[in-house]
Amino acid sequence: MIADPRTSVAFSGHRTYCGDAADALHRTVGELYARGFRTFLSGMAVGFDLAAAEAVLELRERMPDVRLIAAVPFQGQEARFSQSDRERFSRVLSAADVVEVLSPVYHRGCYAVRNDFLVDHARVLVAWYDGSPGGTHYTVRRAMRRGLEILDLHPAASALPAFAPTLFG
């Protein structure tokens with residue numbers, strides 16, 4: 001089993017994330033650990049995903065029972081990243097406890113497969129979601145339908161529909 005969904009957390013957020021909620025992200029990861037969550041899944045995209053993975057790795061320095069699962073949508077995902085983001089990606093990937101490459105090549109829909117993998121293997125979704133369309137919107141909606149707890153760290157967190165089971169960090 002990749003992850004026990006009962007003790008696992010997934011991350012999803014916009015690529016435009018630039019560290020805006022770094023303190024809240026670190027605090028949230030620590031609070032989830034205190035609640036018993038030990039496995040954290042990152043989709044390894046530029047922006048929020050990599051920042052969340054780095055926060056998990058920092059926690060793991062103090063709490064060695066923390067596991068990071070890198071869910072890579074396709075082999076070579078990082079090829080179009082900037083040089084600095086490729087280096088971050090490589091550092092996180094080499095430090096991950098498990099690397100799940102979900103497809104050997106890019107294909108239409110591979111990001112949705114990755115997002116489904118994240119939601120299907122977690123009980124909590126930590127998001128950086130501003131309400132705009134795209135992959136994070138898809139992931140948040142899927143998490144809502146599956147009854148995951150959603151922690152949205154974005155200042156516009158009210159973008160989540162009122163019926164969603166949410167906690168705001």
Side-chain angles (χ1 to χ4, degrees), residues 1-17 19 21 25-26 28-29 32-33 35-61 63-82 84-129 133-154:
M1 177 183 281
I2 298 296
D4 180 350
R6 294 170 299 170
T7 59
S8 298
V9 175
F11 299 99
S12 182
H14 300 296
R15 292 184 184 105
T16 56
Y17 176 82
L25 178 57
H26 283 85
T28 299
V29 169
L32 288 165
Y33 178 86
R35 288 177 48 195
F37 292 94
R38 298 295 182 264
T39 303
F40 297 83
L41 298 94
S42 170
M44 300 298 290
V46 169
F48 188 75
D49 290 9
L50 283 177
E54 290 167 336
V56 169
L57 292 173
E58 288 177 32
L59 177 65
R60 192 177 70 188
E61 290 175 8
M63 306 298 183
D65 58 337
V66 167
R67 293 180 61 220
L68 174 65
I69 296 176
V72 180
F74 62 95
Q75 188 68 42
Q77 171 191 12
E78 73 282 8
R80 293 188 180 159
F81 292 180
S82 70
S84 62
D85 285 330
R86 277 196 307 273
E87 290 169 6
R88 284 178 75 199
F89 178 92
S90 179
R91 278 193 306 273
V92 169
L93 201 65
S94 65
D97 297 287
V98 176
V99 176
E100 265 308 303
V101 178
L102 302 172
S103 174
V105 296
Y106 173 84
H107 63 86
R108 186 179 165 125
C110 67
Y111 291 109
V113 169
R114 185 264 325 266
N115 296 339
D116 291 348
F117 177 89
L118 295 171
V119 171
D120 292 348
H121 289 90
R123 191 175 88 194
V124 174
L125 177 69
V126 177
W128 177 258
Y129 176 56
T136 301
H137 174 81
Y138 172 89
T139 306
V140 167
R141 297 291 296 180
R142 181 174 173 85
M144 288 169 46
R145 284 192 306 273
R146 294 187 56 95
L148 271 66
E149 177 181 346
I150 301 170
L151 307 173
D152 190 355
L153 305 182
H154 195 281

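Here the closest non-hydrogen pair linking Ser42 and Leu118 is C-CD2, 4.1 Å. Across Phe37 and Ser8, no two heavy atoms sit closer than the pair CD2-N, 3.6 Å. Residue Ala96 comes nearest to Arg60 through the heavy atom pair C-NH1, 4.4 Å, listed as atom of the first residue, atom of the second, then distance. Nearest heavy atoms, Leu50 versus Asp85: CD1-O, 4.2 Å.
Figure legend: cation-pi geometry between Arg38 and Tyr33, with NZ or CZ positioned under 6.0 Å from the six-membered ring centre and within 45° of its axis.
Within the 3.5 Å criterion, the main-chain N or O of Gly13 finds a donor-acceptor partner in the side chain of Thr136. Between the Ser94 side chain and the Ser90 main chain, a donor and an acceptor come within less than 3.5 Å of each other. Judged by distance alone, with hydrogens and angles left aside, the side-chain atoms of Asn115 form no donor-acceptor pair with the main-chain N or O of Thr139 at under 3.5 Å. A donor-acceptor pair under 3.5 Å links the side-chain atoms of Arg123 to the main chain of Arg6, judged by distance alone. Although no hydrogens or angles enter the test, the distance criterion places a donor-acceptor pair under 3.5 Å between the side chain of Asp97 and the main chain of Leu68.
Annotation: Glu58, atom CD; neighbour count of heavy atoms from other residues, nucleotides and ligands within 6.0 Å is above 12.
In this structure the side chain of Leu41 reaches within 4.5 angstrom of the side chain of Phe117, judged on heavy atoms. Residues Ile150 and Tyr129 are not in side-chain contact: their nearest non-hydrogen atoms beyond the backbone lie 4.5 Å or more apart. Looking at heavy atoms from C-beta onward, Ser12 lies out of side-chain contact with Val140 at the 4.5 angstrom threshold. Inter-residue side-chain proximity for Glu100 and His121 is flagged as unmet; no heavy-atom pair is nearer than 4.5 Å. In this structure, the side chains of Val113 and Phe74 stay at 4.5 Å or more apart for every pair of heavy atoms. In this structure, the side chains of Phe40 and Arg67 stay at 4.5 Å or more apart for every pair of heavy atoms.
Here the NE2-CD distance, from His26 to Glu54, works out to 8.0 Å after rounding to the nearest 0.5 Å. Note that OG1 of Thr39 is 12.0 Å distant from CG of Leu32, once rounded to the nearest 0.5 Å. We find the CG-CE distance between Leu102 and Met44 to be 12.0 Å, quoted to the nearest 0.5 Å. Of the inter-residue distances, the one linking His14 atom NE2 with Asp49 atom CG reads 11.0 Å to the nearest 0.5 angstrom. The distance from the CG atom of Leu93 to the CD atom of Gln77 is 9.0 Å, given to the nearest 0.5 Å.
For Phe81, the ring pair (Phe, Tyr, Trp, His ring centres under 6.0 Å) partners two or more places apart in sequence, or in a different chain, are Phe89. For Arg146, the side-chain contact (heavy atoms from CB on, under 4.5 Å) partners are Val119, Asp120, Arg142, Leu148, not counting sequence neighbours.
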From CA spacing to verdict: side chain to side chain contact (heavy atoms under 4.5 Å, CB included), Phe48, Val126:
CA-CA 10 Å; Phe48 188 75; Val126 177; 4.0 Å; yes
